[in-house]
Amino acid sequence: MSLSVCMIVKDEEAVIARCLNCVSKFADEIIVVDTGSTDNTVEEVKKFTDEIYFFKWCGDFSAARNFSLEKASCDYVMWLDADDWISDESCDEIRRLVKDGGFDMAFLPYAAAFDGDTPSFVYYRERIFKRSGNYRFNGAVHEVVTPSGKIIYSSARINHKKIKSSEPLRNLKIYQRLISEGKTLDERSEFYYGRELLFNGMLRESVAVLEYFLTREGWIENKIEACIDLFKAYSALGENKKAIDSLLRSLLLAAPRSEVCCLLGGYFFEKGEIEPAIYWYKSALNSVNDGKNGAFINLDYCGYIPNMQLCVLHDRLGEYVAANEFNEAAGKLKPDSKEYLFNKNYFKTKLGEGV
C-alpha cells in the first residue's frame with residue numbers, strides 16, 4: 001500500500017523543510033498546494049517534490065484541502081500542516097501502518113501544545129484515509145473529515161509546533177463573512193465561532209453564541225468544552241455564579257472531565273473551603289479522559305495540577321506526609337518544575353532530610 005501526503009501552505013519557508021524532512025521518510029508521494037505565498041516557500045518545497053500546485057485562496061480551508069486530495073494518486077492519503085513534525089519512531093509507525101493497510105481511516109494523536117519537549121495538549125485527529133473512500137473535508141475553518149468505515153487508532157504522534165503566530169482574527173473573519181452572506185452555521189461551526197469570539201476578547205458575543213450552541217444538537221465533547229469556555233467568559237466578566245453554573249452544567253452531560261474538576265477545585269480553593277477543594281482535585285485524578293474520542297485533553301489537568309494543588313491543601317491542614325506524597329507525584333510528571341523542587345526542599349525541613 002502506498003501513501004500520498006497532502007498539504008496546503010502559505011508563507012511557511014521557516015518550517016516547511018522541517019516538516020518535509022519527516023514526510024520524505026514515509027511518503028510515496030508529496031502533494032503541496034500553495035495558497036498565495038510571497039516568501040520562499042515554493043522554492044523550499046521544490047527540494048522535496050515536483051508536485052506543487054496553486055490554489056487561489058477563497059477563505060475556505062476545506063476547499064483548499066479537498067483540492068490537494070484530488071491531486072493524490074496513492075492508496076492512502078494523509079494530511080499535514082507545514083508546522084507539523086514527526087519523530088523517527090512515529091515515521092516508522094506510519095510506514096508500517098500504511099504497508100499493512102486493512103483500514104479505511106486512521107486516527108493519530110495530535111500534540112498541539114508543549115511544556116518544553118513534553119506534550120501538554122493532545123487529542124486524536126482523523127489523519128490517514130483510503131483514497132478510494134472519496135473522503136472530503138467540510139467546514140470553511142476548523143475543517144474536519146466525517147469518520148466512517150473501518151477506523152483504527154495509531155500511536156504515531158503528529159507534533160504541531162508553530163514558529164510564527166497566526167493572524168488572530170483570521171478564523172473569526174471567515175465565520176463573520178459566512179454569516180454576512182446569510183449562511184447558517186451548523187452546530188460544530190457554531191461552537192468554534194463562539195470559541196473564536198472568546199479567544200479575541202469578545203466576551204458577551206461569545207457567551208451569546210455558546211449559550212445558543214448548548215441548546216442545539218451537537219457532539220457531547222464540544223458541549224462539555226463549551227461549558228468550560230463559558231466558565232472562562234463569565235469569570236472574565238465577573239459573573240462568578242454563572243461561571244460555576246456553566247461548569248456544573250457539564251456534569252449533566254457526561255462523567256466529570258479532569259479539567260472541569262480542577263476548575264471546580266480552584267473555585268473552592270479561592271474561597272478557602274479546603275475539603276470540597278480536595279474532593280474535586282482528587283476527582284480530577286480519578287477522572288477518565290479518553291483521548292480516542294477526539295476530546296481536547298490538557299494533560300496538566302490530569303495529573304500535575306491536581307497533585308500540586310492537593311500538596312498545597314494538605315499542607316494547609318498540617319498533613320505534611322500526605323502533602324509531600326502529592327508533591328512527589330507531581331514531580332514524577334514534571335521533575336524540573338520549580339514548584340516541585342521548592343516544595344521538595346520545604347518538606348525536607350518539615351519531615352527531615354530523609355524525604
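All values below were derived from every heavy atom in this structure, side-chain atoms included, with hydrogens, water molecules and symmetry-related copies excluded.
- Here Glu167 does not pair with Arg170 in a salt bridge; the nearest charged N to carboxylate O distance is not below 4.0 Å.
- Checked by atom type, the side-chain pair Glu89/Ser87 shows no donor-acceptor distance below 3.5 Å.
- With salt bridges taken as basic N to acidic carboxylate O contacts below 4.0 Å, none links Glu43 and Lys46.
- Judged by distance alone, the side chain of Tyr234 and the main-chain N or O of Ile244 form no donor-acceptor pair under 3.5 Å.
- Of the N and O atoms on the side chains of Tyr304 and Ser120, not one donor lies less than 3.5 Å from an acceptor on the other residue.
- Residue Leu3 is not grouped with residue Ile151 when hydrophobic side chains (ILVMFWY) are merged at heavy-atom distances under 4.5 angstrom, including chains of intermediate members.
- A tilted orientation is assigned to the rings of Phe129 and Tyr135, their planes being inclined by 30° to 60°.
- In terms of hydrophobic clustering, with Ile, Leu, Val, Met, Phe, Trp and Tyr side chains grouped at heavy-atom distances under 4.5 Å, Leu20 and Leu108 are assigned to a common cluster.
- Side-chain contact annotation: Glu325 with His314, donor-acceptor N/O pair under 3.5 Å absent.
- Between Lys183 and Glu181, at least one side-chain nitrogen of the basic residue sits less than 4.0 Å from a carboxylate oxygen of the acidic one, meeting the salt-bridge criterion.
- A cation-pi contact, defined as under 6.0 Å to the ring centre and within 45° of the axis, is absent between Lys334 and Tyr340.
- Under the 3.5 Å distance criterion, with hydrogens and angles disregarded, a donor-acceptor pair is assigned to the side chains of Asn134 and Arg136.
- Between the side chains of Tyr346 and Asp315, at least one donor-acceptor pair of N or O atoms lies under 3.5 Å.
- Pairs engaging residues 263-277 under the salt bridge (charged side-chain N to carboxylate O under 4.0 Å, His left out) rule: Lys271-Glu273 [sequence neighbours left out].
- Evaluated for a salt bridge (Lys or Arg N to Asp or Glu O under 4.0 Å) with Asp81, the options Lys10, Arg65, Lys162 yield exactly one hit, Arg65.
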Margin query: Before you tell me yes or no, could you show the steps for Leu80 and Arg127 under side chain to side chain contact (heavy atoms under 4.5 Å, CB included), namely the whole-Å CA-CA distance, both residues' side-chain angles and the distance that decides it to 0.1 Å?
Written below: CA-CA 8 Å; Leu80 288 170; Arg127 185 63 65 174; 3.9 Å; yes
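- Clustering ILVMFWY residues whenever any of their side-chain heavy atoms sit less than 4.5 angstrom apart, transitively, puts Phe191 in a cluster other than the one holding Tyr212.
- Without hydrogens or angle criteria, Arg131 side chain to Val77 main chain gives no donor-acceptor distance under 3.5 Å.
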